[in-house]
There are 2 protein chains.
Amino acid sequence: MEENHHQDKVCTSKDLLAVRDALDALSGKWKLEILISLLNGARRFKEIARDIDGISDRMLSKELKELEANQLVERKMYDAFPPVVEYNTTAHTRSLHTVIYALKEWGYLHRKTILEN
Amino acid sequence: MEENHHQDKVCTSKDLLAVRDALDALSGKWKLEILISLLNGARRFKEIARDIDGISDRMLSKELKELEANQLVERKMYDAFPPVVEYNTTAHTRSLHTVIYALKEWGYLHRKTILEN
DNA sequence: CTGGATCCTCAGGGATACTG
DNA sequence: CAGTATCCCTGAGGATCCAG
């Protein structure tokens, strides 16, 4: 980033805000599951709903909207009856791989650490 | 990890649980701020409280306890009056660096992505 | 099928006061 | 200083019904 202010802090307050932004985009009980479902292929509303155990239509709709607002899913509507809507990932979703990988690895490590003591 | 089951999924359901474990350990409004404060050096209760704008004693106490349960902070009590308690990071906290770095980088990228459209 | 509208519950977190 | 105890409020998320 452009300015550093010569601090050797682990994480500046600006950095903290960025971390929060990232976490906020993934916040909510179902977002990750939805993204992972879509990372395995484009899906329609009901297909995602069937894919994710326990999610209600209301929540799926809400989370999809937030993900779309954050450009993490793309919504394609086909003019037909009954309605056909297809959800898919975006380039931005793919950029999440590093984050998901880091969280996953640390999650496994964390569980191991906790169980060992 | 030991078994793969020959799937080429981006993220298995076991992986998702690990991601959730990671996120859970960092959940709560103040945990990251507390960790970052401590990553810049050991601190006493009141020092952390002063470091973090807006946090109440109650929340600081609660979050510190959860972090300690997750071995992300270490609590040292010195027998003295008035009481002296010092909080510090642990080896496990340091292992979080990859995660925080990934989240930070993606957070900046995310903001850039959103603002561009 | 793809959702929107409504109502309800509960846990996260704020404010304040108190104790060893 | 280092926390606890209490009370309260808001918003995330569940359940159910309705509409195009």
Side-chain angles (χ1 to χ4, degrees), chain A residues 16-17 19-38 41-70 72-89, chain B residues 16-17 19-38 41-70 72-89:
Chain A
L16 176 61
L17 289 183
V19 172
R20 260 219 195 303
D21 285 348
L23 258 16
D24 286 349
L26 302 179
S27 77
K29 192 173 175 186
W30 306 101
K31 292 214 180 62
L32 278 166
E33 241 166 314
I34 294 172
L35 287 181
I36 288 171
S37 169
L38 292 179
R43 272 166 179 69
R44 298 177 56 180
F45 190 89
K46 256 309 176 221
E47 291 176 323
I48 308 176
R50 271 189 294 265
D51 229 40
I52 301 179
D53 195 50
I55 196 171
S56 69
D57 287 351
R58 190 181 91 88
M59 285 311 292
L60 180 52
S61 170
K62 243 190 69 186
E63 302 276 61
L64 280 171
K65 251 184 208 158
E66 293 180 30
L67 288 170
E68 200 191 350
N70 280 331
L72 288 169
V73 310
E74 186 190 44
R75 191 185 120 111
K76 254 186 213 146
M77 238 188 104
Y78 298 96
D79 196 0
F81 192 88
V84 174
V85 180
E86 194 179 78
Y87 292 94
N88 206 347
T89 52
Chain B
L16 176 61
L17 288 184
V19 172
R20 261 217 196 301
D21 284 349
L23 257 15
D24 286 349
L26 302 179
S27 78
K29 192 173 174 184
W30 306 100
K31 292 214 181 64
L32 278 166
E33 242 165 314
I34 294 172
L35 287 181
I36 289 171
S37 168
L38 292 179
R43 271 166 180 68
R44 298 175 56 178
F45 189 90
K46 258 308 177 222
E47 292 176 323
I48 308 175
R50 271 189 295 266
D51 229 40
I52 301 180
D53 194 49
I55 196 170
S56 69
D57 287 353
R58 190 180 91 89
M59 286 312 292
L60 179 53
S61 170
K62 243 189 70 185
E63 302 276 61
L64 279 172
K65 254 183 207 158
E66 293 180 30
L67 288 170
E68 199 191 352
N70 281 331
L72 288 169
V73 311
E74 186 189 42
R75 191 186 121 108
K76 254 186 215 145
M77 238 186 104
Y78 299 96
D79 197 359
F81 191 88
V84 174
V85 180
E86 194 179 78
Y87 292 93
N88 205 347
T89 52

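What's counted below: heavy atoms across the whole structure, side chains too, no hydrogens, waters or symmetry copies. All chains are named by letter (A, B, ...) in the order of the sequence lines, taking the proteins before the strands, and each is independently numbered beginning at 1.
For the pair A:L26/A:L35, a side-chain contact is recorded, criterion being any heavy-atom separation below 4.5 Å from C-beta on. The side-chain heavy atoms of A:K62 and A:K65, taken from C-beta on, include no pair separated by under 4.5 Å. Proximity of B:K76 to B:N88: side-chain heavy atoms (C-beta onward) are nowhere separated by under 4.5 Å. Residues A:Y87 and A:I34 have side chains not in contact (no heavy-atom distance under 4.5 Å, counting atoms from C-beta outward).
Atom P of nucleotide D:dA2 and atom OH of B:Y87 are separated by 8 Å, given to the nearest angstrom. If you measure from atom NZ of B:K76 to atom C1' of D:dC1, you get 19 Å, rounded to the nearest angstrom. If you take CG of A:L32 and C1' of D:dG13, they are 16 Å apart, rounded to a whole angstrom. Distance A:E33 CD to D:dG13 P: 13 Å, rounded to the nearest Å. The distance between atom OH of A:Y78 and atom P of C:dT2, rounded to the nearest whole Å, is 12 Å.
When all heavy atoms are compared, the tightest approach of B:I48 to B:S37 is CG2-OG, 4.4 Å.
The terminal axes of the helix from C:dC1-D:dG20 to C:dG20-D:dC1, fitted over 5 pairs per end, subtend an angle of 40° to the nearest 10°.
Note that the CG atom of B:D51 and the CZ atom of B:R44 stand 14.0 Å from one another [nearest 0.5 Å].
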Task: Test log, rule side chain to side chain contact (heavy atoms under 4.5 Å, CB included), inputs A:R20 and B:E33 - done: CA-CA 10 Å; A:R20 260 219 195 303; B:E33 242 165 314; 4.2 Å; yes

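Contacts with DNA chain C (heavy atom under 4.0 Å) in residues 41-65 of chain B: B:R58, B:M59, listed by number.
Formation of a donor-acceptor pair under 3.5 Å by the A:R75 side chain with backbone atoms of A:V73 is not found in this model.
Distance from the side chain of A:K29 is smallest for D:dG13 among the nucleotides C:dG20, C:dG14, D:dG13.
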